[in-house]
Q: 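First the structure, then my questions, so here it is.
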Amino acid sequence: MLPRPRIAIAFGVILAAISAPILASIYLAWYQSVSSQKVLSLTYSRDVLRRTEEGAQQFATAKREMDQAHVAPCSPQDLGILRQIALGSSYLQAVGRAAGNSILCDSQGITTPVSLGAPSLISSHGVAEYFNVKLSPEQWRPLDVFVAGQTAAVVDPSLSIDVTTEGSDVELSIFVPSALSHTRISSFGTDFRPNWFQPIAPGSEDTALENGYIVTRIRSARWDLGVISAIPEHYVYQRVFHFALIFTPIGVLCGILLAWAVNYLAQHRSSFTTMVRRAVRNAEFYVDYQPIVELESRRIVGAEALVRWKSPLAIIPPDHFIPLAEERGLMHLITGQVLAIVASDLPHILALDPAFEVAINMSSSDLK
């Protein structure tokens, strides 16, 4: 029977063997959930930025075509060009001619100047940006107007940010990185934190767990545009439960198998003493004599007694049981049996050759 301290240690080892894979599976579920939400947040940001950049490219194309038209501003020919450009642009609601802070005419029928007031900001590319503008009383919601040179583009800011998310509390925003106030062009959500809008290098992206959200910042390499997406942390916990349903049973199974292996090895090691004592009592150890040959005469002058163990189940190699026997302080029992066997065999050997010698291997514990 094992002493109480050893029982406690064995119980602790088995408990650790069971719990470690389970805890590892829970951690893996958390890590997988966070990684999954980071990928999702990055997907939202990239999708919004792609749409916004397409709108910016359509605006740049419209400006180039209008600059190359060489027709009188707001003439019938010019209005025809404006309508044609607007029809070919998926993100521009209207295209118009601008002067100062006014739109002179546009593709939707404005033919008299409309004042825009002072611009909300001017981007690093020199684009004057006007937010929440109503160009006519019939316009049912405010739009944004972007002016570069004599070209004006009217944009519905909700188009770029209109992406399908996993919940209504996911925060999305398009902002201008060069603006000191990090002015938002368009936003979906209300719980934005000021530190989320700190600019990053052009063309870069960053995702981290901040303030209870998975936050992704991404900035356009070409335009003065940035996108923020923020997914509440509770979605991470929902996915943890989902992944835990996959990983935890695997962890439980691994824990049971590991505990069984630890218990088996512990029983195997604890029963080794009993096995050796029983083997000595049943004379399961025997000796193989390895000849010692004198090279000059090629005559056998002695032998080395090598211990072997034949259990009822199999022959156990010496390199398996001798190191363990020395470790457990049992080697003297095996050496004693070897000495008894050699002492029994020696009279018959010496009767044939009185000068014959037999060498016996001794362990350090035997000498002590």
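In this chain, residues are counted from 1 in sequence order.
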Q: Would you give the length of the straight line joining atom CD1 of I334 to atom CG of L339, rounded to the nearest 0.5 angstrom?
A: 12.0 Å

Q: If hydrophobic clusters are built by linking Ile, Leu, Val, Met, Phe, Trp and Tyr wherever their side-chain heavy atoms come under 4.5 Å apart, do L324 and V280 end up in the same one?
A: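 Yes, L324 connects to V280 through the hydrophobic network.
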
Q: Around atom CD of Q84, are there more than 12 heavy atoms of other residues, nucleotides or ligands at under 6.0 Å?
A: no

Q: Are F146 and I85 connected, step by step, through hydrophobic side chains (Ile, Leu, Val, Met, Phe, Trp, Tyr) whose heavy atoms are closer than 4.5 Å?
A: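 Result: yes, single cluster for both.
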
Q: Kindly give the heavy-atom pair with the smallest separation between L159 and S90, and that separation in Å.
A: CD1-O, 4.3 Å

Q: Once rounded to the nearest 0.5 Å, what's the spacing between atom OG of S45 and atom CG of L42?
A: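 Spacing of OG (S45) from CG (L42) equals 6.5 Å.
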
Q: Hey, mind stepping through E205 and L49 against side chain to side chain contact (heavy atoms under 4.5 Å, CB included) and telling me if it holds?
A: CA-CA 11 Å; E205 52 192 33; L49 183 63; over 6 Å; no

Q: Can you measure from CH2 (W196) to OG (S229) and round to the nearest 0.5 angstrom?
A: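 Nearest 0.5 Å value for the CH2-OG distance: 9.5 Å.
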
Q: Within this structure, what is the NZ-CE distance for the pair K368 and M331, rounded to the nearest 0.5 Å?
A: 14.5 Å

Q: Test of understanding: clusters of I, L, V, M, F, W, Y form through side-chain heavy atoms closer than 4.5 Å, transitively. Do I360 and Y289 belong to the same one?
A: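 Yes; Y289 is reachable from I360 via cluster members.
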
Q: Strictly distance-based, threshold 3.5 Å: is any side-chain N or O of E210 a donor or acceptor partner for the main-chain N or O of V215?
A: no

Q: Determine the minimum heavy-atom distance between S311 and E284, stating which atoms define it.
A: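 In terms of heavy atoms, the two residues are closest at CA-OE1, 3.7 Å.
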
Q: Quick check, are the ring centers of F188 and Y44 under 6.0 angstrom apart?
A: no

Q: Just wondering, more than 12 heavy atoms not from L295 lying within 6.0 Å of its CG?
A: no

Q: Counting only heavy atoms from other residues, nucleotides and ligands, does the tally under 6.0 Å from CD of Q57 exceed 12?
A: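 Atom CD in Q57 is crowded, with more than 12 foreign heavy atoms closer than 6.0 Å.
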
Q: Quick one: closest heavy-atom pair of Q337 and A279, and the distance?
A: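 In this case the closest contact between Q337 and A279 is OE1-O, 4.1 Å.
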
Q: Does atom NZ of K134 have more than 12 heavy-atom neighbours from other groups under 6.0 Å away?
A: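 Buried by this count: over 12 neighbours within 6.0 Å.
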
Q: Check whether V176 and V155 end up in the same hydrophobic cluster, where Ile, Leu, Val, Met, Phe, Trp and Tyr are linked by side-chain heavy atoms less than 4.5 Å apart.
A: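 In one cluster: yes.
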
Q: Mind listing the side-chain donor-acceptor pairs of residues 114-125 below 3.5 Å, one per line with the distance, residues two or more places apart or on another chain?
A:
{"from": "S115", "atom 1": "OG", "to": "G117", "atom 2": "N", "distance (Å)": "3.4"}
{"from": "S120", "atom 1": "OG", "to": "F131", "atom 2": "N", "distance (Å)": "3.2"}
{"from": "S123", "atom 1": "OG", "to": "H125", "atom 2": "N", "distance (Å)": "3.2"}
{"from": "S123", "atom 1": "OG", "to": "V127", "atom 2": "N", "distance (Å)": "3.3"}
{"from": "S124", "atom 1": "OG", "to": "D224", "atom 2": "OD2", "distance (Å)": "3.2"}
{"from": "H125", "atom 1": "NE2", "to": "R222", "atom 2": "O", "distance (Å)": "3.1"}

Q: Would you mind reporting whether E65 and I81 have side-chain heavy atoms less than 4.5 Å apart?
A: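 Heavy-atom side-chain distance check fails, nothing below 4.5 Å.
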
Q: Would you say the side-chain atoms of E53 and S220 include a donor-acceptor pair closer than 3.5 Å?
A: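 The criterion, which ignores hydrogens and geometry beyond distance, is satisfied for S220 and E53.
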
Q: Taking C-beta and beyond as the side chain, do D206 and Q198 meet within less than 4.5 Å on heavy atoms?
A: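 SC-SC contact between D206 and Q198 ruled out.
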
Q: Check whether any side-chain heavy atom of I292 lies under 4.5 Å from a side-chain heavy atom of I300, and answer yes or no.
A: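 The answer is no, as the side chains (C-beta and beyond) never meet within the 4.5 Å cut-off.
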
Q: Going from OG on S107 to CG on L87, what distance comes out if it is rounded to the nearest 0.5 angstrom?
A: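 With rounding to 0.5 Å, OG (S107) is 7.5 Å from CG (L87).
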
Q: L135 and Q108: side chain to side chain contact (heavy atoms under 4.5 Å, CB included), yes or no, with the steps?
A: CA-CA 10 Å; L135 299 176; Q108 288 189 338; over 6 Å; no

Q: Which residue is it: T165, T216, T207? I am looking for the one with a side chain to side chain donor-acceptor pair (under 3.5 Å) to S41.
A: T216

Q: Do S136 and I110 have side chains that get closer than 4.5 Å, going by heavy atoms?
A: no

Q: Mind checking the CG-OG1 spacing from D366 to T335? Nearest 0.5 Å is all I need.
A: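 Spacing of CG (D366) from OG1 (T335) equals 3.0 Å.
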
Q: In terms of relative ring orientation, are F321 and W309 parallel, tilted or perpendicular, with 30° and 60° separating the classes?
A: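 It falls in the perpendicular class, over 60°.
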
Q: Can you name the nearest heavy-atom pair linking P232 to D169, along with the distance?
A: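 Shortest heavy-atom separation between P232 and D169 comes out as CG-O, 3.4 Å.
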
Q: Begin with the C-alpha distance, continue with both residues' side-chain angles, and end with the deciding distance and a verdict on side chain to side chain contact (heavy atoms under 4.5 Å, CB included) for L225 and I185.
A: CA-CA 9 Å; L225 295 168; I185 297 175; 3.7 Å; yes

Q: Please name the residue in the list L330, V307, I316, N361 that meets the side-chain contact (heavy atoms from CB on, under 4.5 Å) test with I322.
A: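 It is V307, the one option of L330, V307, I316, N361 that forms the side-chain contact (heavy atoms from CB on, under 4.5 Å) with I322.
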
Q: Tell me if the CZ atom of R277 is crowded by more than 12 foreign heavy atoms within 6.0 Å.
A: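 No, because the 6.0 Å sphere around CZ of R277 holds 12 heavy atoms or fewer from other groups.
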
Q: State, yes or no, whether a side-chain contact exists between L209 and Q37 at a heavy-atom distance under 4.5 Å.
A: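 Side-chain contact under 4.5 Å: no.
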
Q: Between I174 and S160, which heavy-atom pair has the shortest distance, and what is it?
A: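 Minimum heavy-atom contact is CD1-CB, 3.7 Å.
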
Q: Does the D162 side chain pair with the main chain of S158, one donor and one acceptor, at a distance under 3.5 Å?
A: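 Side chain of D162 to backbone of S158: no pair is present.
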
Q: Any Lys/Arg nitrogen of R141 or D156 sitting under 4.0 Å from an Asp/Glu carboxylate oxygen of the other?
A: yes

Q: On a heavy-atom basis, which atom in V338 and which in V287 lie closest, and how many Å separate them?
A: CG1-CG2, 4.1 Å

Q: Are V145 and L82 co-members of a hydrophobic cluster defined by side-chain heavy atoms under 4.5 Å apart?
A: no

Q: Just so I know, are the side chains of P113 and L104 near enough to count as touching, which here means a heavy-atom distance under 4.5 Å?
A: yes

Q: For the residue pair F197 and F192, categorise the inter-ring angle as parallel (less than 30°), tilted (30 to 60°) or perpendicular (more than 60°).
A: tilted

Q: For T43 and V39, indicate whether the former's side chain and the latter's backbone hold a donor-acceptor pair under 3.5 Å.
A: yes

Q: Can you give me every donor-acceptor pair (side chain of residues 66-77, partner residue at least two apart or in another chain, under 3.5 Å) with its distance?
A:
{"from": "D67", "atom 1": "OD2", "to": "K63", "atom 2": "NZ", "distance (Å)": "2.8"}
{"from": "S75", "atom 1": "OG", "to": "A72", "atom 2": "O", "distance (Å)": "2.7"}
{"from": "S75", "atom 1": "OG", "to": "Q77", "atom 2": "OE1", "distance (Å)": "3.3"}
{"from": "S75", "atom 1": "OG", "to": "D78", "atom 2": "N", "distance (Å)": "3.2"}

